[in-house]
Protein chains: 2
Amino acid sequence: MANKEDILIRFGRRVRELRAERGYSQEAFAHECELDRTYVGGIERGERNLALRNIERIAETLGVTLAELMKGL
Amino acid sequence: MANKEDILIRFGRRVRELRAERGYSQEAFAHECELDRTYVGGIERGERNLALRNIERIAETLGVTLAELMKGL
DNA sequence: TTGTGACTCGTAGTCCGTA
DNA sequence: ATACGGACTACGAGTCACA
């Protein structure tokens, strides 16, 4: 069912994939998002239960829609 | 375009639509989600910047994937 | 049946560092 | 370039009485 694993882990992995595809470092990406470097790291490690506004910022910075960002999660 | 309006408002409207389609009252829906009635009301009114775990609970209760829930937002 | 203000408490989110 | 920790502030989580 693909949905057993924690949502934060799955989301973090997805963000990391998309960020890396785009050739961003965490730091550069965080700067684009106007989020803290250590916070983005925490998100990618699945340690952060981030809220909708920041999810949207991340989607925008990655250049995907929210639906695309959530695809498969 | 279509993306100028605040994400919380758009998300809230989407939740309200899907909930109403399913014939839930806010109260019944909140009970299914194991969330407070007034909290769900706040979400639907776009007043709550809810975090990923609660977004997931809502998607589950509505019987849609996260990607479907975010569709068009 | 839903809206709203006010509230407590935990955590979202920032900033400093070390490795 | 990234992980991780401590200490901090702002805001999300969650509840209530009342309209």
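Chain A is the first sequence line, chain B the second, and so forth, proteins listed ahead of strands; every chain is numbered from 1.
Contacts between residues 63-70 of chain A and DNA chain C, defined by a heavy-atom separation under 4.0 Å, are absent. A heavy-atom distance below 4.0 Å to DNA chain C is reached by none of the residues of residues 22-31 of chain A.
The distance from atom CD of B:Glu60 to atom CD1 of B:Ile55, rounded to the nearest 0.5 Å, is 12.5 Å. Note that the CD atom of A:Glu56 and the CG atom of A:Leu69 stand 11.0 Å from one another [nearest 0.5 Å]. Put simply, CD on B:Glu68 and NZ on A:Lys71 are 10.5 Å apart, with the number rounded to the nearest 0.5 Å. Note: B:Ile58 CD1 to B:Leu50 CG = 5.0 Å, rounded to the nearest 0.5 Å. Atom CG of B:Leu18 and atom OG1 of B:Thr61 lie 12.0 Å apart (nearest 0.5 Å).
Between the CZ atom of B:Arg45 and the C1' atom of C:dG5 there is a distance of 11 Å, rounded to whole Å. Distance CG (B:Leu52) to C1' (C:dT11): 14 Å, rounded to an integer number of Å.
In this view, B:Arg53 and A:Asp6 satisfy the side chain to side chain donor-acceptor pair (under 3.5 Å) rule, not counting sequence neighbours. With sequence neighbours excluded, the residues that form a side chain to side chain donor-acceptor pair (under 3.5 Å) with A:Asn54 are A:Arg57. In this structure, the salt bridge (charged side-chain N to carboxylate O under 4.0 Å, His left out) partners of B:Arg14, at least two apart in sequence or on a different chain, are B:Glu17. The salt bridge (charged side-chain N to carboxylate O under 4.0 Å, His left out) test applied to A:Glu47 returns A:Arg45, not counting sequence neighbours.
The residue A:Glu44 sits apart from the nucleic acid: no heavy atom pair falls under 4.0 Å.
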Return a table of donor-acceptor pairs under 3.5 angstrom between the side chains of residues 28-44 of chain A and protein atoms on other chains or two or more places apart.
residue : atom : partner : partner atom : Å
A:Asp36 : OD2  : A:Thr38 : N            : 3.0
A:Asp36 : OD2  : A:Thr38 : OG1          : 2.6
A:Glu44 : OE1  : A:Arg16 : NE           : 2.7
A:Glu44 : OE1  : A:Arg16 : NH2          : 3.2
A:Glu44 : OE1  : A:Arg19 : NH2          : 3.0
A:Glu44 : OE1  : A:Gln26 : NE2          : 3.1
A:Glu44 : OE2  : A:Arg19 : NE           : 2.5
A:Glu44 : OE2  : A:Arg19 : NH2          : 3.4

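Rounded to 10 degrees, the angle between the two end axes of the helix from C:dT2-D:dA19 to C:dA19-D:dT2 is 40°, with five pairs used at each end.
Closest heavy-atom contact between B:Glu5 and B:Ile9: OE2-CG2, 3.3 Å. When all heavy atoms of B:Arg22 and B:Val64 are compared, the pair lying nearest together is NH2-CG1, 3.7 Å.
Between B:Leu66 and A:Ile7, some side-chain heavy-atom pair lies under the 4.5 Å cut-off.
With a cutoff of under 4.0 Å to any heavy atom of chain A, the contacted region of DNA chain D is bounded 5' to 3' by D:dA1 to D:dG5.
A donor-acceptor distance shorter than 3.5 angstrom exists from the side chain of B:Asn49 to the backbone of A:Leu52, with no hydrogens or angles considered.
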Could you list all N or O pairs between the protein and nucleotides 13-16 of chain C that sit under 3.5 Å apart?
residue : atom : partner : partner atom : Å
C:dG13  : OP1  : A:Asn54 : ND2          : 3.0
C:dG13  : OP2  : A:Tyr39 : OH           : 2.5
C:dG13  : OP2  : A:Ala51 : N            : 3.1
C:dG13  : OP2  : A:Asn54 : ND2          : 3.2
C:dG13  : O5'  : A:Tyr39 : OH           : 3.2
C:dG13  : O5'  : A:Asn54 : ND2          : 3.2
C:dG13  : N7   : A:Arg48 : NH1          : 2.7
C:dG13  : N7   : A:Arg48 : NH2          : 3.4
C:dT14  : OP2  : A:Asp36 : N            : 3.3
C:dC15  : N4   : A:Thr38 : OG1          : 3.3

